[in-house]
Amino acid sequence: RKKFVDLYVNYVFNESIQKPFEDFMKGFLKGCPARKWKMFLPVELQIILQGHRKCDWNLLQENAKYREYEKLDQTIRNFWSVFHKLPEEKKKMFFAFLTGSDRIPGYGLEHFTFTIQDSKVENPDEFYPFASTCYHTLLLPR
């Protein structure tokens, strides 16, 4: 019985998936050549591929740029006041709204910038904020 179970487990977990796994590995290595990734430690590679999980939200605020707004405009001060009161999960949801991902890029927030721009609508109370994820721009009505 033990031999049967061992052979069956080997078949299910190794032999039956060998061809699909080889096909997957061949395609994966075309986009991510293994030779180039060997210079990274596993932790570094994980950060490059997945991004950081923890964030310094004050650094995000420091790196923000403004169009049609000044740093001390009431709308901007209100935005940051509300933002910093949010729980961590909601802040990550905002980051996903802004960038398309809730993970901080591998290069870190030190080099990440985003722009808060006035959406220039006639009646700002009738419009929600809008994000352009490609350009990391938040269109924020006054």
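Just the heavy atoms: all of them, side chains too, but no hydrogens, waters or symmetry mates, feed the values below.
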TODO: Search all heavy atoms of Tyr66 against all heavy atoms of Gln61 and return the closest pair with its distance.
DONE: OH-O, 4.2 Å

Open item on the list: Applying a strict under-4.5 Å side-chain criterion to I, L, V, M, F, W and Y, I'd like to know whether Leu139 and Val121 cluster together.
Closed with: no

Task: Closest non-hydrogen atom pair, Glu44 against Met39 - done: OE1-O, 4.4 Å

Open item on the list: So, taking the atom named CE in Met25 and the one named CG in Asp23, what distance separates them when rounded to the nearest 0.5 Å?
Closed with: 11.5 Å

TODO: Verify the ring-centre separation between Tyr69 and Phe79: is it less than 6.0 angstrom?
DONE: no

Open item on the list: Show the nearest heavy-atom pair for residues Asn58 and His84, with the distance to one decimal.
Closed with: OD1-CE1, 3.3 Å

Open item on the list: Please determine whether residues Leu59 and Leu86 belong to a single hydrophobic cluster, defined as Ile, Leu, Val, Met, Phe, Trp and Tyr linked transitively by side-chain heavy-atom distances below 4.5 Å.
Closed with: yes

Open item on the list: Treating Thr99 as the side-chain partner and Ser101 as the backbone partner, does any N or O pair qualify as donor plus acceptor under 3.5 Å?
Closed with: yes

Open item on the list: Hydrophobic clustering (ILVMFWY, side-chain heavy atoms < 4.5 Å, transitive) - are Phe97 and Phe114 grouped together?
Closed with: yes

TODO: Spell out, yes or no, whether Ile17 and Tyr11 are grouped together once hydrophobic residues are joined by side-chain heavy atoms under 4.5 Å, including indirect joins.
DONE: no

- [ ] May I ask you to decide if Asn63's main-chain N or O and Thr113's side chain share a donor-acceptor pair within less than 3.5 Å?
- [x] no

- [ ] Check Leu138 against Pro129 and note the closest heavy-atom contact, atom names and distance.
- [x] CD1-CB, 4.0 Å

TODO: Might you work through the side-chain hydrogen bond (donor to acceptor under 3.5 Å, both in side chains) test for Gln74 and Asn78, ending with a clear yes or no?
DONE: CA-CA 6 Å; Gln74 188 62 44; Asn78 289 345; 2.8 Å; yes

Open item on the list: Would you compute the distance between atom NZ of Lys120 and atom CZ of Phe127 and round it to the nearest 0.5 angstrom?
Closed with: 15.0 Å

- [ ] Any chance you could measure Arg77, atom CZ, to Leu72, atom CG, to the nearest 0.5 Å?
- [x] 6.5 Å

Task: Connected via hydrophobic side-chain network under 4.5 Å: Phe83 and Leu140 - done: yes

Task: Separation of Asp102 CG from Met93 CE (nearest 0.5 Å) - done: 9.5 Å

- [ ] Of all the heavy-atom pairs spanning Gln117 and Thr137, show the shortest one and how long it is.
- [x] OE1-CG2, 3.7 Å

Task: Minimal non-hydrogen separation, Phe112 against Phe95, with atom names - done: CE2-CE1, 3.8 Å

Task: With Tyr8, the side-chain contact (heavy atoms from CB on, under 4.5 Å) member among Val12, Val5, Asn10, Asp6 - done: Val12

Open item on the list: With heavy-atom distances below 4.5 Å as the criterion, would you say the side chains of Arg142 and Asp73 are in contact?
Closed with: yes

